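Labels below follow one simple rule: chain letters A, B, ... track the order of the sequence lines, proteins then strands, and each chain is numbered from 1. Quick caveat: nothing in here was measured; it's all calculated off a predicted structure.
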Amino acid sequence: MTIKPQPVKSHARITRATKPAVRPAPEVCAYPVRRFTVDEYHRMIDAGILGEDDRVELINGWIIATMPKNPPHEVTMRRTELQLREVIPEGWWLDIRKQITTSVSEPEPDFTVVVGNPDRYANRHPGYGDIALVVEVADTSVIFDQTTRRDLYAQTRLPIYWIVNIADRQVEVYADPGGPARKRLYRSTTIFVPGQQVPVVIDGRTVGQVPVSSLLPA
Amino acid sequence: MSVVVSSSLPPPDTRRWTLDEYHRLIRGGNLTEDDSVELLEGWIVSKMSRNADHDLAIEDLEDALRPMLPAGFRIRVQCALTVASSESEPAPDLIVCTSQDGRRGRHPEPGDTSLVVEVADSSLRGDRGRKLRIYANGGIPVHWIVNLNDRQVEVYTDPTGPSPRPKYRSKQIYRNGSKIPVSLNDDELGTIVAKSIFPK
């Protein structure tokens with residue numbers, strides 16, 4: 001099977017304008033790319049090979065670049081932050097674009113509600129058992145967030161995962177992760193649209209309500 | 001170590017590495033000899049496992065080529081070749097390159113290399129078109145694909161060199177008793193009968 005570069009014209013033009021013709025055209029990678037363990041990934045960071053300038057996440061062993069964010073994404077981030085800070089109870093902490101560690105991944109969710117104070121994570125990132133809620137703000141990344149990322153969070157048994165879906169103007173709430181060990185899924189999916197309120201559930205307790213319209217760009 | 005089980009391809013935006021970063025990963029012990037990998041167009045790629053006929057074809061070809069080579073040329077089998085123009089460091093099945101003078105501390109580069117051969121069976125079908133692109137980009141003058149499935153040798157010449165769509169402009173196919181010319185820098189050294197490379 002040979003996957004030919006697709007004639008995505010706008011993409012090709014950008015590439016040629018920013019880089020001389022020598023670089024290969026970007027395309028969907030069809031190589032069996034080597035996957036790295038969390039431990040190997042940490043060693044690359046410790047060795048400085050992956051540096052501060054690298055905006056990357058480890059997802060299922062793949063090191064992937066995080067996309068630059070556009071203004072609708074960032075305004076939704078700010079709105080969501082304001083709303084979440086209002087309702088998060090004592091004893092919980094709101095992380096913004098901070099890494100979490102799972103068995104084969106180290107993603108950087110847009111928001112993570114984690115237990116305890118920041119010192120709890122002096123020597124490790126939060127992981128399973130520390131996290132009540134994980135939130136992704138999605139525009140161009142929505143397919144990835146609804147598939148690969150959702151499966152990853154379900155596999156890690158993060159109790160509740162929200163996608164604030166800008167394109168479809170809705171908030172998707174995935175909950176109740178479970179099923180056979182390697183095939184865990186969120187068994188509950190609820191869609192909230194403008195005019196509705198999303199319940200914020202922390203550690204099994206509803207601590208507040210957030211209106212969908214307060215999260216999405218006007 | 002957790003085992004990752006999935007045959008799916010990597011997501012878009014999988015990070016690409018420069019040759020320099022790749023070499024730092026190797027020097028720093030992040031990639032070791034146990035890691036059977038190549039750098040292909042910036043991606044660190046696991047090498048395919050190979051079957052017996054694949055390796056036998058390399059042996060036969062090596063035996064056929066060796067007596068023809070003039071002094072100063074070497075055969076390397078499944079060793080690294082650095083192609084800087086496409087951020088690649090594949091390990092081709094066989095290359096003919098100039099001997100080591102002047103390349104201590106580095107792998108052969110396209111300028112040292114006269115011929116690159118890949119032996120392709122079914123598992124390598126997807127691999128070969130992309131590797132051809134790397135060799136054409138590097139300007140390696142002659143590239144052979146020994147195609148075990150179709151029992152033919154495809155000889156590619158006249159590479160574009162660095163280009164957004166690198167390719168070889170000429171392709172000749174040799175089968176059965178036809179004689180494949182072996183040339184180094186335009187000097188014809190001899191010929192190899194196509195069927196002699198394939199299992200009986």
Under the rule for side chain to side chain donor-acceptor pair (under 3.5 Å), what residues qualify as partners of A:Arg187, not counting sequence neighbours?
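Once residues adjacent in sequence are excluded, the partners of A:Arg187 under the side chain to side chain donor-acceptor pair (under 3.5 Å) criterion are A:Asp176.
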Any side-chain heavy atom of B:Asn30 sitting closer than 4.5 Å to one from A:Glu40?
no
Within the structure provided, determine whether A:Phe144 and B:Asp13 are in side-chain contact (heavy-atom separation under 4.5 Å).
no
B:Lys195 NZ: over 12 foreign heavy atoms closer than 6.0 Å:
no
When rounded to the nearest 0.5 angstrom, what is the spacing between CZ in A:Arg34 and OG1 in B:Thr14?
14.0 Å
Tell me whether B:Arg24 contacts the main-chain N or O of A:Ala47 through its side chain, where contact means a donor paired with an acceptor under 3.5 Å.
no
Give me each pair satisfying salt bridge (charged side-chain N to carboxylate O under 4.0 Å, His left out) with a member in residues 57-79 of chain A, each pair once, sequence neighbours excluded.
A:Glu57-A:Arg149, A:Glu74-A:Arg97
So which heavy atom on B:Pro11 is nearest to which on A:Trp62, and how close?
CD-CE3, 3.2 Å
Among A:Val33, A:Ile64, A:Thr66, A:Leu50, find the one that has a side chain to side chain contact (heavy atoms under 4.5 Å, CB included) with B:Arg15.
A:Leu50
